[in-house]
2 protein chains.
Amino acid sequence: MIRILLADDQALVRGALAALLDLETDIEVVAQVGRGDEVLAAARSSQAEVCLLDIEMPGLTGLEVAEQLRAELPAVRSLIVTTFGRPGYVRRALDAGAAGFLVKDTPARELAAAVRRVHAGLRVIDPDLATESLMSGPSPLTARESEILQLAIDGSPVAVIAQRASLSVGTVRNHLSAAIGKTGATTRAEAAQLARANGWI
Amino acid sequence: MIRILLADDQALVRGALAALLDLETDIEVVAQVGRGDEVLAAARSSQAEVCLLDIEMPGLTGLEVAEQLRAELPAVRSLIVTTFGRPGYVRRALDAGAAGFLVKDTPARELAAAVRRVHAGLRVIDPDLATESLMSGPSPLTARESEILQLAIDGSPVAVIAQRASLSVGTVRNHLSAAIGKTGATTRAEAAQLARANGWI
DNA sequence: CGCCGGCCGTGACAGGTGTCATGGCCAGGA
DNA sequence: TCCTGGCCATGACACCTGTCACGGCCGGCG
């Protein structure tokens, strides 16, 4: 019997996934949580063997949770299941110690198989995404550039970004200009979108 | 037996919802589609009685599908189930003839009950969202302003927006300026975000 | 040590953006 | 009929942005 924990912020999806996995005779859903920062405690008390993690969650992201689990409960295996198949996410998930990466476009009947493979110690990576991840390569942005770009995704004027980052407006513009150049964009909005689409921020 | 059709672009979620609803003895999932523009045909051939529609779908949005169903298959009832609980969505869904509106935060066990109520001819509206919808009121934007604002959400420069809308740059700036004023924003990016958060675009 | 590259800042310039005043066109209501 | 309000457009103005050149600080590496 494979003991599994579900982490997804949407209760309906979480419950539906539980129903789907409970159809399998060799899988048992032993815990469900809706926030990233509740996963660790729940995994510990429920003695889960596999954690199915969404990335976008309040509290902690699934990627951060995977890292936490590797450090605190190395025997537990993490399977990232997320809406957005961004190339950079795969790399970051693997770096964080995740054993698998699926997008929610995956046919439902493949989920149980993926869980079994992860439980058996194998890696499960969405094949399309794996190649795309290798193609796009690592982020060309420096840490600071990523940070500034993240503050620019909502279209705030430079003055606001500078204040939030405690920098001068000139420096912010320089970082943004560098990011725009590196991403091949012509606007900071475009650069932010490209960076997000690639999972760089 | 309630015959139900599922429309959601994420195969995993779709399959999981199917598993969840199949647990109910009085509900039968008779069709599943991943695109908005496939719903009508599938609803016809499967003789579905209730359509569970996500809003964000390729082809047609769930709101547009609800409108289509009301026109073509008035006996079929639409239940919108979506990720984003934006106030304006509720109003638009009801205007489009939907019989219910749920967010994916809803507890899983309430879904079947909602389906039954909709099938019985009752309206089902997320209570929090219903009040919020009444609070926020209708969109203050004119049709043209909404359209231009929609083209501005990705941060494109005015010149690009003007080209896409076949307008002069000056007109686009006027529309954007009006939208910024009406939404109480100070930037077109902020205005676009506000409009989207309220479901106006 | 010298060199490199990331980081922070300034200053200046061209071009994009937000605001306003003004005007014309057209459909709907008083 | 006149008047209102939405839509389209122009022009002018102040301000913001993106780019470039330049300089200084610091940590890592040959």
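Because the structure is predicted, anything quoted here is derived from the model rather than measured. Letters A, B, ... are given to chains in the order of the sequence lines, protein chains preceding strands, and every chain is numbered from 1.
Contact between the side-chain N/O atoms of T171(B) and the OP1/OP2 oxygens of dA9(D) is found at a separation under 4.0 Å. Contact between the side-chain N/O atoms of H175(B) and the OP1/OP2 oxygens of dC8(D) is found at a separation under 4.0 Å.
Under the 4.0 Å criterion applied to side-chain N and carboxylate O atoms, K104(A) and D8(A) are assigned as salt-bridge partners. Residues K182(A) and E145(A) are paired through a salt bridge, judged by an N-O separation under 4.0 Å between the basic side chain and the carboxylate.
T142(B) comes within 4.0 angstrom of the backbone, heavy atoms only, and of no base.
Remark: R86(B) qualifies as a cation-pi partner of F84(B) under the 6.0 Å distance and 45° angle criteria applied to the six-membered ring.
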**Study point:** Stepwise salt bridge (Lys or Arg N to Asp or Glu O under 4.0 Å) test for D154(B) and R164(B)
**Key:** CA-CA 13 Å; D154(B) 60 356; R164(B) 281 209 264 262; 3.7 Å; yes
Review point. Passes salt bridge (Lys or Arg N to Asp or Glu O under 4.0 Å), D9(B) versus R35(B)? Steps please.
Key: CA-CA 6 Å; D9(B) 58 334; R35(B) 300 180 50 86; over 6 Å; no
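Between the side chain of N198(A) and the backbone N or O of W200(A), no donor-acceptor pair lies under 3.5 Å.
One N or O donor and one acceptor, one from the side chain of R173(A) and one from the base of dG18(D), sit under 3.5 Å apart.
Remark: P of dC26(D) and CZ of R144(A) are 16 Å apart, rounded to the nearest angstrom. Rounded to whole Å, the distance from CG on N174(A) to C1' on dC7(C) is 10 Å. Here the P atom of nucleotide dG18(D) and the CD atom of E190(A) are 11 Å apart, to the nearest Å. Straight-line distance from the CG atom of L176(B) to the P atom of dA9(D): 14 Å, rounded to whole Å.
The stretch residues 145-168 of chain A comes close to DNA chain D through P157(A), V158(A), each having a heavy atom under 4.0 Å from the strand.
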